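Notes to accompany the following structure.
From a predicted model like this one, the values you see are computed outputs, not experimental measurements.
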Amino acid sequence: MATPIERVAATPAALAFIGELRQRHGPLMFFQSGGCCDGSAPMCYPEGEFKVSDTDVCLGSLDGAPFYMGREQFGYWEHTQLIIDVVAGNGGMFSLDNGTGRRFLTRSRLFTDEECALLREQPLTRSA
């Protein structure tokens, strides 16, 4: 079997920031905001604090922190890999990065045709 394609990945800076937040808050989880109050920012929560629904999908995990997105929004993003980075700024109102002077940011790249073919064989799940 081929190596699984990551639907979500993190930059080294984001992984270091996740480690800092985990030290302060314990296990974490992410949800890709769909554009309401905090735009389309990746939101970081203590694990279990944000209630995922039956219409949410797990794209993978970032250093053990599951990363979710609404199924409808995933329909727009399914051909892209989300690359979570960290930049200077204010995080989302409800996200653990708020007040740190840094925030998570979603970058993306289109999957290649070969990666898309492999992804069709990788089922989405509701949990990491």
Which heavy-atom pair separates A14 from F104 by the least distance, and what is that distance?
O-CE2, 4.1 Å
What's the spacing between Y76 OH and M69 CE if we round to 0.5 Å?
12.0 Å
Compare all side-chain heavy atoms of Q81 with those of L119 and state whether any distance is below 4.5 angstrom.
no
R22 (side chain) donor-acceptor with D63 (main chain) under 3.5 angstrom
yes
Distance-only, no hydrogens or angles: does the D56 side chain make a donor-acceptor pair with backbone N or O of S53 under 3.5 Å?
yes
Minimum heavy-atom separation for S108 and L82, please, with both atom names.
CB-CD2, 4.5 Å
F50 vs Y45 aromatic rings, parallel, tilted or perpendicular, using cut-offs 30° and 60°?
parallel
Nearest heavy-atom pair of A88 and R103: which atoms, and what distance?
O-NE, 4.2 Å
Closest non-hydrogen contact found for Q122 with I5 is OE1-N, 2.7 Å
Is there a side-chain contact between I83 and R109, using heavy atoms and a 4.5 Å cut-off?
yes
Nearest heavy-atom contact between C44 and S95 is N-OG, 2.8 Å
Which heavy atom in P66 sits nearest to a heavy atom in L28, and how many Å separate them?
CD-O, 3.4 Å
Output the distance between atom CG (L59) and atom CD (E78), rounded to the nearest 0.5 Å.
11.0 Å
For the side chain to side chain contact (heavy atoms under 4.5 Å, CB included) test, which of I18, L96, V8, T106 pairs with F30?
I18
Which residue pairs pass the side chain to side chain donor-acceptor pair (under 3.5 Å) test when at least one of the two sits in residues 4-20, sequence neighbours left out?
T11-D85, E20-R102
With rounding to the nearest 0.5 Å, note down the distance linking CZ in F67 to OG in S61.
11.0 Å
Is the backbone of G70 close enough, under 3.5 Å, to the side chain of Q73 for a donor and an acceptor to pair up by distance?
no
Do L105 and M43 belong together in a cluster built from hydrophobic side chains that touch within less than 4.5 Å?
no
Is F111 close to L118 at the side-chain level, that is, under 4.5 Å between some pair of heavy atoms?
no
Who else is in the cluster with L110 when I, L, V, M, F, W and Y are joined by side-chain contacts under 4.5 Å?
none
